Structure formats: structure tokens, C-alpha cells
Amino acid sequence: MAVEIPSLIKPSKLRARGGLLGECLAEFLGTFVLICFGCGVVAMAVAALPGSGRAETPTTIFLAAGDWLLITWGWAMAVVFGVYVAGGVSGAHINPAVTLAMAVRRGFPWVKVLPYWFAQLVGAFTGAALVYLVYHQAIGAYDAAAPGPKVNGHTNASFSIFATFPAAYFHGGIWGPLIDQIVGTALLVMLVVAIIDLRNQAVQSNLAPLITGFIVAAIGMSFGANAGYAINPARDFGPRLLTYAEGWGSLAFPGSLAGSFSGYWWIPIVGPLVGGVIGVLVYDLFIGDVLVARAARDEAPEPGRARPEPPR
């Protein structure tokens with residue numbers, strides 16, 4: 001039974017929320033939810049489980065594939081819930097790469113791109129701040145117990161709770177991680193536009209957020225280890241700002257660890273933006289244009305004009 005829910009804000013002040021402001025609020029909250037659960041699950045794996053005595057030692061992490069599956073499924077559910085929260089208001093982009101791709105090929109108004117990006121960035125920063133508030137004791141305990149190079153007492157492992165960095169086998173190179181981010185985001189956007197395309201086998205009912213979560217899980221399982229599968233500029237940059245403010249220093253900006261990587265901060269921004277556009281273009285080239293051609297072929301003839309017979 002439908003129940004009328006009174007507004008919290010006076011009706012006279014609600015009108016502004018019916019437009020772009022309301023959409024930006026939805027993008028803020030959806031991205032906030034994404035980061036709360038996404039960074040939260042990494043905090044569990046890296047700091048909370050070891051520090052609470054639920055691992056072999058206070059610094060035992062990533063000894064088996066199960067640790068990575070915990071994170072990939074955690075991020076998948078984070079996406080599901082973020083999209084369910086914001087989808088009915090803003091479309092739940094919760095990712096600047098998705099917003100840009102929708103503007104390039106799906107008629108999303110360009111005037112809304114920067115406001116959406118700002119809302120997503122602030123939502124990501126705020127979500128990361130909440131995770132830090134909840135887990136800062138566990139993070140502090142982990143950093144104190146962990147060996148290895150530290151910046152202001154913080155380790156790269158605790159930094160990974162919030163933002164991403166490339167694997168050591170890239171030896172500090174740019175192209176490997178950049179290509180990784182382009183490919184991962186291209187796959188994300190290509191699959192997202194596929195599942196919402198009503199001309200194709202679009203997901204029925206309200207299951208699109210769940211399938212989107214499965215997409216993110218698949219990308220994390222298949223391409224995650226190279227560079228942490230940020231595949232979302234706000235998801236990386238917002239928490240990176242938080243870590244910089246909280247003392248991770250050069251690990252956050254410029255994104256450097258002596259002997260491993262240097263000046264990495266821009267790659268999870270540029271790579272996903274490029275990849276998102278590539279993803280929607282690839283979908284339209286291989287699938288979208290085929291659907292357009294089939295629709296044109298199957299169009300009803302004009303009144304008074306017979307449909308031509310197919311060639312024999």
C-alpha cells in the first residue's frame with residue numbers, strides 16, 4: 001500500500017530540489033554510499049580483521065585469493081547500494097567517467113557534467129572521511145605494527161584502504177597502469193550501457209543496479225591486481241584528498257613510493273575518463289549501430305506506400 005511521506009523541507013523550499021540540485025544531492029549520496037562500503041571492506045581486510053585478532057598476525061593480509069574476493073564482492077555490493085540509492089533521481093552515475101560517456105553518446109546535458117563531477121567528488125571524500133572516523137584506531141594499530149617504508153608513520157598498505165597504486169612489476173612505468181585503467185573502465189561503461197539499452201536485452205524490473213555490481217566484481221576479479229581497479233576518478237581522487245589531509249603525504253600526492261612508483265595520482269583520473277568514452281563508442285560501433293540498422297529496416301512503411309518485398 002502506498003503511503004504518503006511528508007517532506008522534511010518546507011514545500012516552499014523544495015522546488016529547487018526538483019532539478020539539478022536534487023540530482024547532485026543524489027549523486028553525492030550515491031557516491032558516499034559507494035565509498036563507505038567500498039573503502040570499508042578494504043579497511044576490514046587490511047586493518048580491522050588483523051588488528052582484532054581474526055587473522056594469523058596483526059599484519060597478516062592477502063595470503064590467499066579469498067582476501068581479494070572479500071574486497072571484490074564488497075566493492076560490488078557498494079556499487080549495487082549506491083546505484084539503488086541514487087538511481088531514481090540522477091541515474092546514479094556515481095562515477096565521472098560514466099557521466100562523461102553519457103554526455104558524449106547518450107544525450108546527457110553537458111551543462112550538468114561539472115556539477116555531477118563535483119557532487120561525486122565531495123561524496124567520495126565524505127565517504128572516505130566516515131570510513132577513517134570508524135577505522136582510524138585499527139589503521140593506526142596496523143601502521144604501528146607493520147614493517148617497511150612509512151610516510152609520517154603511515155604505510156602504503158593502509159593507504160590502499162582509500163586509494164590505489166600500481167603493482168611493483170610495472171617498475172614505476174606509466175603506460176601499464178594507464179592502459180589498465182583505460183581497459184577496465186571501457187569494459188565497465190560498455191557493459192553498463194548494454195544492460196540499460198532498451199533496444200537490446202536490457203535488464204528487466206529494477207535489477208540493473210545488481211547487474212552493475214556483478215560487472216564491477218568481474219572487473220575486480222579479472223583486472224584488479226594491476227592497479228587496484230579504481231575505474232572511477234571520484235572513487236580514487238576523493239579518498240586520496242582525505243588521506244593527504246590525514247598525513248599520508250607523498251603516498252597520496254603526488255602518489256609516490258620510493259623505488260615503486262612516482263607521480264601516480266593523475267592516472268586513476270585520466271585513464272577512466274578516456275576508457276569510459278572508448279567503452280561507449282565501442283558498444284555503439286559494434287552493437288548500437290546494428291540495432292539502429294535493424295530498427296530502420298523494420299520500420300513500418302509510410303501511409304499509402306507498400307513495404308517492398310525482400311529480395312528472393
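Side chains are part of it too, since the values below use all heavy atoms of this structure and drop only hydrogens, waters and symmetry mates. From a predicted model like this one, the values you see are computed outputs, not experimental measurements.
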Return the minimal non-hydrogen interatomic distance between [X] and [Y], and the atom names on each side.
X: I231; Y: L188; result: O-CD2, 3.8 Å
X: A101; Y: G276; result: CB-O, 3.5 Å
X: P96; Y: N232; result: CD-OD1, 3.2 Å

Hey, what do you get for [atom1] ([X]) to [atom2] ([Y]), rounding to the nearest 0.5 Å?
X: S262; Y: Y264; atom1: OG; atom2: OH; result: 13.0 Å
X: R240; Y: L251; atom1: CZ; atom2: CG; result: 9.5 Å
X: L29; Y: C36; atom1: CG; atom2: SG; result: 9.0 Å
X: L100; Y: R105; atom1: CG; atom2: CZ; result: 13.0 Å
X: T212; Y: N95; atom1: OG1; atom2: CG; result: 11.0 Å
X: L187; Y: T185; atom1: CG; atom2: OG1; result: 8.5 Å

May I ask you to check whether over 12 heavy atoms, not counting those of [X], lie within 6.0 Å of atom [atom1]?
X: W175; atom1: CH2; value: no
X: Y169; atom1: OH; value: yes
X: F170; atom1: CZ; value: yes

Review point. Would F37 and V80 satisfy side chain to side chain contact (heavy atoms under 4.5 Å, CB included), going step by step from the backbone distance to the final call?
Key: CA-CA 10 Å; F37 285 104; V80 171; over 6 Å; no

According to a 4.5 Å side-chain heavy-atom criterion applied to Ile, Leu, Val, Met, Phe, Trp and Tyr, with indirect links allowed, do [X] and [Y] form part of one hydrophobic cluster?
X: V290; Y: V282; answer: no
X: V111; Y: F118; answer: no
X: V89; Y: F81; answer: no
X: I35; Y: Y135; answer: yes
X: V270; Y: L121; answer: yes

Check: [X] side chain, [Y] main-chain N or O, donor-acceptor pair, under 3.5 Å:
X: W68; Y: G220; result: yes
X: Y132; Y: F162; result: no
X: D236; Y: A230; result: no
X: N226; Y: G176; result: no
X: K150; Y: D143; result: yes

When you compare the side chains of [X] and [Y], does any donor N or O come within less than 3.5 Å of an acceptor on the partner?
X: Y229; Y: D180; result: no
X: Q120; Y: T31; result: no
X: Q181; Y: T164; result: no

Practice item. On the 0 to 90° scale, with breaks at 30° and 60°, tag the F159-F165 ring pair as parallel, tilted or perpendicular. Key: tilted

Practice item. Kindly assign one of parallel, tilted or perpendicular to the pair H154 and W248, based on the angle between their ring planes and the thresholds 30° and 60°. Key: parallel

For residues 193-206, please give each side-chain donor-acceptor pair under 3.5 Å, one per line with the distance, not counting sequence neighbours.
from	atom 1	to	atom 2	distance (Å)
D197	OD1	R199	N	3.0
D197	OD1	R199	NE	2.9
D197	OD2	R199	NE	3.4
D197	OD2	R199	NH2	2.9
D197	OD2	Y283	OH	2.8
N200	ND2	Y283	OH	3.0
Q204	NE2	A202	O	2.9

Point to revise | Residues T99, M102; criterion side chain to side chain contact (heavy atoms under 4.5 Å, CB included); working and verdict | key: CA-CA 5 Å; T99 300; M102 293 302 171; 5.9 Å; no

Point to revise | F253 ring center within less than 6.0 Å of F237 ring center | key: yes

Check your understanding: Can I94 and V85 be said to form a side chain to side chain contact (heavy atoms under 4.5 Å, CB included), step by step?
Key -> CA-CA 10 Å; I94 61 175; V85 164; over 6 Å; no

Point to revise | Member of I182, V183, L273 meeting the side chain to side chain contact (heavy atoms under 4.5 Å, CB included) criterion with I278 | key: I182

Exercise for review: Start with the C-alpha distance between F32 and L130, add both sets of side-chain angles, then the distance that settles side chain to side chain contact (heavy atoms under 4.5 Å, CB included), and finish with yes or no.
Suggested key: CA-CA 9 Å; F32 172 82; L130 182 62; 3.6 Å; yes

